[in-house]
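Quick caveat, the model's predicted, so the values are computed rather than measured. Counting starts at 1 for both ligands and their atoms, following the listed order.
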Amino acid sequence: MVLSVSFARRAISRAAAGIIIGVIVTAIVVGVGTYYATISRIHVPAPRTVTVTVTKPYTTTVTKTVAITTTATKAITKTMVSTSVKTTTTSVTSTVTPTTTSTVTTGLPKKITFYTWWAGLERFAIDALIHAFEQKYHITVIKTAVPGGAGVNAKFAILALIMAGKPPAAFQVHASAEQISYFMAAPQHTKSFVDLTNVAKEIGLYNTPAAIASMLSGHLYGLPVDLHRANLLFINIHVLKKYGLPIPRTLKQLVYDAMVLKKHGVPAFLQAGADQFTVAMLWTQLFLAVGGPKKYIEFMYGTLNPNDPAIKKATELFVNLSKTFPSNWMSLDWTSAVAALIKGEGAFVVDGDWVVGLIHDVYPKVVLSPIDNITKNTDIVVEPFPGTQGIYSLVIDCIMVPKGPEAKAGVLFAKFFASKQGQEIFNPLKGAITDYPNTPLNIYPTEAQKWEVKQYSTAKYYVYALIHGGLFDDVWQKFLQSSILLAQTGNTNLWYKMIDWAIHQEYKEWSASGMFMGSLQHPFAGYIPPWVKK
Ligand code: GAL
């Protein structure tokens with residue numbers, strides 16, 4: 001508890017005071033509903049058409065029309081003015097499971113609050129999901145989006161609410177250690193949250209590999225809603241062609257391409273300093289490539305020797321490659337880095353497959369192709385980060401539900417979101433794949449997602465992404481900040497000190513929790529850490 005209080009204090013002091021006050025006020029304002037409810041099902045006629053107009057933060061405006069028809073086809077028509085790259089009008093159709101019934105809920109709150117960081121240009125999938133939930137249950141979801149990719153701001157806003165005893169009805173969280181950080185901040189540790197294991201059983205999610213990966217010691221405190229991948233490289237093929245460079249399949253080729261581009265004065269890696277996380281991701285992918293999956297998992301649990309040579313090798317490569325960032329890298333966030341990639345202002349972006357969703361939803365004229373299906377008109381290629389082929393670095397978004405007056409409605413929301421129907425609405429637009437292995441391929445609108453389904457099922461190794469839940473929040477934040485400093489200064493001494501601290505801290509926090517990923521029957525990646533009694 002001493003650990004948790006001091007950790008939480010540090011976390012709060014780091015969160016912007018304005019954001020915290022804002023989110024606490026929002027949470028208090030949201031009405032508290034009756035805890036006990038009865039639910040009855042009625043049928044409503046379809047089709048229905050609903051128009052949602054959303055004003056994005058910053059300077060762009062999006063108008064979205066969502067039409068749900070009896071034939072279970074969801075059509076999303078967007079007219080979008082993007083200040084960053086181009087103006088475009090498109091129509092996207094993806095098939096979703098039919099919604100022919102509406103469920104009336106009595107005794108549940110009419111409104112619930114959901115905390116997330118899916119905002120701005122990555123809001124389409126969550127908005128479609130919330131819309132479907134509201135249609136079905138007639139409960140309004142107040143989406144409180146604290147922008148900042150990977151939860152760079154949202155996590156601390158949620159931590160603050162939990163500590164203040166005013167948690168939202170439900171919130172977005174990654175699988176793994178990140179969830180334990182919330183336990184540490186909560187007054188009653190795991191008991192402050194609804195154990196959703198039985199809900200997962202009800203919706204057929206319990207035994208799927210993604211659900212197992214989302215478990216902590218056999219329990220699901222967060223219901224998984226998607227399956228993303230972190231170890232990806234996005235490549236502007238035109239830039240490589242212009243300089244006669246090959247698509248890099250190995251680390252050696254990647255470094256070669258980057259150095260040639262640098263000589264020509266062309267940025268190679270468009271990693272984003274403003275929201276930090278893709279800079280840290282570059283280091284973790286290099287470490288995965290040189291150290292392999294076992295060491296990567298040992299890093300996560302803090303059981304790795306901090307003097308392992310793979311750390312030094314990855315760091316040297318990182319410092320070298322960070323010299324190829326564009327001069328404005330500190331002002332890029334992950335979405336503007338993708339915009340710059342599309343414009344050809346650099347050759348590579350190391351990021352997760354939420355980039356697939358972003359390109360599909362926002363840049364429909366851009367042709368994104370997986371490495372084994374490049375066509376004549378391909379603009380951007382996606383491939384496993386060189387040296388990590390055959391490894392799937394999972395990123396799983398989950399929904400957690402704090403216990404409290406809104407918990408029943410929160411569980412309803414989490415259950416719908418994680419259900420097959422919910423995931424089939426959400427994931428096509430999100431750029432991810434679902435957690436249900438039997439999902440039909442034709443729900444995915446992009447070749448990249450179909451490729452990922454195959455990559456996932458044929459992967460030789462699975463690891464869980466360090467930057468997306470694998471690290472405890474305090475370690476994660478220091479890791480992110482230090483990776484920026486490392487790229488800015490090249491000072492490896494400070495970095496090695498941080499890595500040493502991070503590995504020890506991971507060990508300390510995991511072993512204090514006594515937890516591990518997966519269950520005793522199915523430990524994640526077959527690894528049982530030493531503090532677990534078999
Ligand atoms: C990750 C999250 C993804 C995507 C990405 C960019 O942390 O798991 O779903 O949202 O951040 O914000």
Nearest non-hydrogen contact to atom 4 (C) of ligand 1 from the set K430, H468, H228, K155 belongs to K430

Protein heavy atom at shortest distance from atom 8 (O) of ligand 1: D397 OD1, 2.7 Å

Got the closest protein heavy atom to atom 7 (O) of ligand 1, with its distance? H174 NE2, 2.6 Å

Output the list of atoms in ligand 1 that are nearer than 4.0 Å to some heavy atom of W334, sorted by atom number. 6 (C), 12 (O)

Interfacing atoms of ligand 1 (cut-off 4.0 Å, heavy-atom, G149): 12 (O)

Using a 3.5 Å cut-off on N or O atoms only, is A150 in polar contact with ligand 1? yes

Do the side chains of K155 and D473 get close enough for a salt bridge, i.e. N-O under 4.0 angstrom? yes

For L394 versus A213, what's the shortest heavy-atom pair and its separation? CD1-CB, 4.0 Å

Check: M300 and M517 side chains under 4.5 Å, non-hydrogen atoms: yes

Report yes if E122 has an N/O atom closer than 3.5 Å to an N/O atom of ligand 1; otherwise report no. yes

Residues Q449 and T446: side-chain donor-acceptor under 3.5 angstrom: yes

Is there a donor-acceptor contact under 3.5 Å linking the side chains of T388 and N231? yes

Counting N and O atoms only, with roles assigned by atom type, does the side chain of D226 sit under 3.5 Å from a partner on the main chain of D397, one being a donor and the other an acceptor? yes

I need the atoms of ligand 1 closer than 4.0 Å to a non-hydrogen atom of V395, numbered in the order shown. 8 (O)

Shortest protein heavy-atom distance from atom 10 (O) of ligand 1, along with the residue and atom involved: W118 NE1, 2.7 Å

Centre-to-centre under 6.0 Å for H468 and W117, is that the case here? no

